[in-house]
Every structure is written in structure tokens, then in C-alpha cells.
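Here's the structure we're looking at; comments come further down.
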Protein chains: 2
Amino acid sequence: MGVREVVNGKPDVNEPMCPSRLVLEHVTSRWGVLVLAALMERSYRFSELRRTIGGVSEKMLAQTLQTLERDGFVHREAQPVIPPRVDYWLTGLGKEAAEQVWALARWTERRVPAVQAARADYDRAREGTVTN
Amino acid sequence: MGVREVVNGKPDVNEPMCPSRLVLEHVTSRWGVLVLAALMERSYRFSELRRTIGGVSEKMLAQTLQTLERDGFVHREAQPVIPPRVDYWLTGLGKEAAEQVWALARWTERRVPAVQAARADYDRAREGTVTN
DNA sequence: CTGCATCCTTACCGATACTG
DNA sequence: CAGTATCGGTAAGGATGCAG
């Protein structure tokens, strides 16, 4: 498998782009990563998940959950009670996705120091040649 | 490592967010993934890379390469000739990043059929209850 | 050839108000 | 509690023109 398979076959048209790219965007999206990570441990209710993640608006959490549910990563179970109670948990496919994304997140976390060092070098080199 | 470490410690302020999240966004960005994938095989010149990836504007490719260079993933070598010749290749850190992202991309690719099936189910269930 | 600068459109996302 | 609907600020990103 090469690069060409990952890109949309039609560069000029403004089409949806390749399917795998869409899935990748869903699971690596800002809140998608955090939702998958949280649900790795256990199931959550909506507000509970919102509090756990922190900093996510209702709108974005609902949107993220819907996308992940539609992709088959998250199962949603709404109980017809008052007040409403809705639980979310990972499907088998979702657990796989979460593990993959989590692996990438862990690698990223480990390498942050190296990246920050590289940035410092890069910025220092720029400082010397531009203004001075 | 839990979810809280991945999120910004200050949900209310509009600060840069946690460092690992930024790195994650760089390597999983639309063009970042493709650049890393392309450079896994060999080094490329700018326009050569542009043609190989396909569908990327000059602006976005330059921007992506700068970000990846600053993060220490890509090395840039500009030769002072006319016409200019600039080559890009992966650093050791970049090769690691590329492998990680590539693993995720491969998993995604493999699971696309399952996701599409899930979407079909989801959409079919919605069709029946909304309009009809 | 390899960029950088500018304009301009789009689409994301947060805030707010409202529903069942 | 668990969402939906709408508005608006902002930033991503494509197109174009110009420079080294």
C-alpha cells in the first residue's frame, strides 16, 4: 500500500475525499480522541463524560458521539425514563479504534520532550538570522 | 496515564492546549499524514512531493513541511543553486512518527468496510423513524 | 523552482436559548 | 438530563500574484 491509496483519486474535484481519511479524522479529532480514551475504561453517561473530559461543549460532545456512533465505534443506549438517562460505551470495533489511537497518543506523549527540543533549536536558528 | 493528562489543565482559558495534543494534530493533519507516508520511502524535492501527494496547494505543503521541520520530524536541505533545489527527508524522530501514523492509517484502511457497514445500518435505522 | 504575502470563502466551534 | 437550533467570531485553507 502506497501514498496514492490514501489520497482521493480525483485531486481536482471537490469531492468528499477518500473514506479512510474521513475515519482517520473522526478518531483523531480533538474530542474523538478523548471520548475514545475515556470509554476505554468503562461506560459513561452524557454529562458524566462531559465532566470527565472537561472543556468540551454540549454541542461538540453530542456531535462527536453521533459521529462515533454512526461509524460503529460507540454504542448509545437511551432509557425512556424521566429524567432521561443515556449511556455510551465502546463496541468491539470501537475498542480496536481506541487502542490504535491510544497507542499513537502514548507515543506522542513520550516524544514531546524531543519535539520541544527540536523546536527550540529551530526557533533559535531563526532568531539569529532574521532580526540580527 | 489517563484522560486528564491529555486535556489542557485549564478548560476555561483559551490557551494553546497541551503539547502532546499539538504534536498529535501535526502528525495526523490532513497533509501531515501524506507527507510522512511519502517520505517513508525516500527523500523528495518540493514539487516532486507535491505531484506525488496530489491535490495539495503550494501553500499547504509549505506550511505542513515547516511545521514538521520545526517539530524535528523532517529535515530540509536547500541548495543555493539556480533554479533552487530543496530536498526533504525524515529524521530519526520523523521515521518513528511516520511508522506510528502509518500503523494507524493501515488499521483505518482495513476497517473501512466495517465502518461503512455500520454507517449503512445507522442511516437505515434513521430513515425509517424520521420521514416515514 | 521554491517559496512568501494577500485576499477571500468556507466551515469549525463556542455561546446561548429552547425542547422533551 | 440530554439533547437540538441558531447566530456569530475565528481560523483553516484555496487562489492568485510576486520575489529570490
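Order of the sequence lines sets the chain letters (A, B, ...), proteins ahead of strands, with each chain counted from 1.
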Worksheet item: Could you give the CZ-to-P distance, from B:R30 to C:dT10, as a whole number of Å?
Response: 17 Å

Item to complete: Consider the side chain of B:E58, meaning its heavy atoms from C-beta on, and name the nucleotide among C:dG3, D:dG3, D:dG20 that approaches it most closely.
Response: C:dG3

Worksheet item: Would A:E48 and A:R42 pass as an ion pair if we require N to O under 4.0 Å?
Response: yes

Item to complete: Look at all strands and tell whether B:E25 reaches a base, only sugar-phosphate, or nothing, counting heavy atoms closer than 4.0 Å.
Response: nothing

Discussion item. Checking contacts here: which listed nucleotide (C:dG14, C:dC4, C:dT2) is nearest the side-chain heavy atoms of B:R76?
Written reply: C:dT2

Item to complete: Would you mind reading off the distance between A:L34 atom CG and C:dC13 atom P, rounded to a whole angstrom?
Response: 13 Å

Practice prompt. Report yes if a side-chain nitrogen or oxygen of B:S47 is closer than 4.0 Å to either non-bridging phosphate oxygen (OP1 or OP2) of C:dT2; otherwise report no.
Written response: yes

Fill in: A:L61 CG - C:dA15 C1' separation (whole Å)
16 Å

Worksheet item: Looking only at side-chain N and O atoms, does A:Y44 come under 4.0 Å of OP1 or OP2 in D:dC1?
Response: no

Worksheet item: Can you tell me how far C1' of C:dT2 sits from CD of B:Q66, to the nearest Å?
Response: 11 Å

Worksheet item: With respect to the side chain of A:K59, which nucleotide from D:dC7, C:dC4, C:dT2 is positioned closest?
Response: D:dC7

Discussion item. Please classify the nucleic acid contact of A:E48 as base, sugar-phosphate, or nothing, using heavy-atom distances under 4.0 Å.
Written reply: nothing

Item to complete: Please report, rounded to the nearest Å, how far the P atom of D:dA2 is from the CE atom of A:M60.
Response: 19 Å

Worksheet item: Closest heavy-atom contact between A:L61 and A:F46?
Response: CD2-O, 3.7 Å

Worksheet item: Backbone N or O of B:G72 within a donor-acceptor pair of the B:T91 side chain at under 3.5 Å?
Response: yes

Item to complete: Answer with base, sugar-phosphate or nothing: what part of the nucleic acid does B:R50 contact at a heavy-atom distance below 4.0 Å?
Response: nothing

Discussion item. Rounded to whole Å, please give me the gap between CZ in A:F46 and P in D:dT4.
Written reply: 8 Å

Item to complete: Write down the distance between CG (A:L65) and P (D:dA2), rounded to a whole number of angstrom.
Response: 11 Å

Response to the item:
By nearest-nucleotide position on DNA chain C, the 5'-leaning member of A:V56 and A:P83 is A:V56

Worksheet item: Thinking salt bridges, do A:R124 and A:D121 make one under a 4.0 Å N-O criterion?
Response: yes

Worksheet item: What is the nucleic acid contact for A:Q63, judged by heavy atoms within less than 4.0 Å: base, sugar-phosphate only, or nothing?
Response: nothing

Worksheet item: Of all the nucleotides listed (C:dG14, C:dT2, D:dC1), which has the minimum atom distance to the side chain of B:R45?
Response: C:dT2

Fill in: Short N-O contact, A:R21 and A:E25, less than 4.0 angstrom
yes

Worksheet item: A:I53 CD1 to C:dC13 P: how many Å, rounded?
Response: 14 Å

